Amino acid sequence: MSLSAEQSRHVSEITDAIRNTNAEHTPPVPYGRRELRFERPLVMGILNVTPDSFSDGGECLTKEAAVRKFQEMVSEGADIIDIGAESTRPGAVPISEDEELSRLLPVLREVVSSKVPVSVDTRHASVAEEAVRAGASIVNDISGLRDPEMTEVVARSGCPVVAMHMRGDPQNMQSLTVYEDLLGDIHTELARILQRAEAGGIQREKVILDPGIGFAKTTEQNLEIIRRLGELRSLGRPLLIGASRKRFIGEISGGGPKERLAGSIAAAVMAVTNGANIVRVHDVAPTVQALKVAHAVISPTARPY
Ligand code: HH2
């Protein structure tokens, strides 16, 4: 049976769409002499060395507590550990870069020789620079390379960068939630970030993109991003989703941040099903287990991990 030209076009559109949503075919991201590979979804464990993070603030204020938490997440199967020293929850008060560094560096120096790569969650170029000098492998910038100095630091370092979509800053972002077409606007803005990164000397293959769950987004918008995540695959870059314990989960299901584990896992599984390559989570062990099962369902021929 031969297909008409129109039928052939449909088939090729569908094939492209399947290829684009298939996160397993995302090329690896090199860091140092190693690489992040995406044959399966990766889990980024969160280590907040802050007094005021929305769900775990104050839990890792001493170096000992932070290192213990780091090692626990490694033994639970984290693929990357993201250390943040400034809370960016809605309404958070910014801190000085010196304060951020004084929280971050002592912990970072203790853990950088781990087999698991460390990313540093900062929007400040000077903090990223010091962290990379101390051995961090990845920069996670929630402000999406807004600061040209950050682009310079990342380009010079040769590190991969997670560039996240947000509008405004943590103090005013929740008043900036009007979009013409949510996924279209985020796609356009992430494409611009990618262009800016390349123009500033960051290799395209080093950029991981994140639509920024909860950053200038309402509950409905967070859900729509997860539902339509596949539309961002055409950006051609690995996608990271950070939904863990966030407010929208509480708004849907009730409960404070510590009571959002099942909801967080549901969000992680849906994100991976729809094309996420990395999920950023507080609860590593249960997420790893859930994703092993989700991955086995999505990719029956893949090797178990
Ligand atoms: N979310 C938070 C912080 N950093 N980075 C990326 N790439 N994506 C995210 O969604 C993201 C992020 C907020 O979560 P958390 O670190 O737990 O809270 P706080 O900012 O209060 O420390």
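Each residue takes its place number in the sequence, starting with 1. Owing to the predicted nature of the structure, the values given are computational and were not obtained by experimental measurement. Just follow the structure's listing: the first ligand is 1, and inside any ligand the first atom is 1.
- Within 6.0 Å of the CZ atom in Arg228, the count of heavy atoms belonging to other residues, nucleotides or ligands exceeds 12.
- Using a 30° and 60° split on the angle between ring planes, His282 and Phe54 fall in the perpendicular class, above 60°.
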Name each donor-acceptor pair under 3.5 Å that joins a side chain in residues 252-259 to protein atoms two or more places apart or in another chain, with its distance.
| residue | atom | partner | partner atom | Å |
| --- | --- | --- | --- | --- |
| Ser253 | OG | Ile249 | O | 2.7 |
| Lys258 | NZ | Glu59 | OE2 | 2.6 |
| Glu259 | OE1 | Gly256 | N | 2.6 |

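- In this structure, the side chain of Lys69 does not engage the main chain of Val67 through any donor-acceptor pair within 3.5 Å.
- Checked for salt-bridge contact, Arg123 and Asp147 miss the test: no charged N lies under 4.0 Å from a carboxylate O.
- Considering only heavy atoms from C-beta on, Cys159 stays 4.5 Å or farther from Ile138 through its side chain.
- The contact shell of ligand 1, taken as protein residues with any non-hydrogen atom closer than 4.0 angstrom, comprises Asn48, Ser53, Phe54, Ser87, Thr88, Arg89, Asp121, Asn140, Ile142, Val162, Met164, Asp210, Phe215, Leu240, Gly242, Lys246, Arg280, His282.
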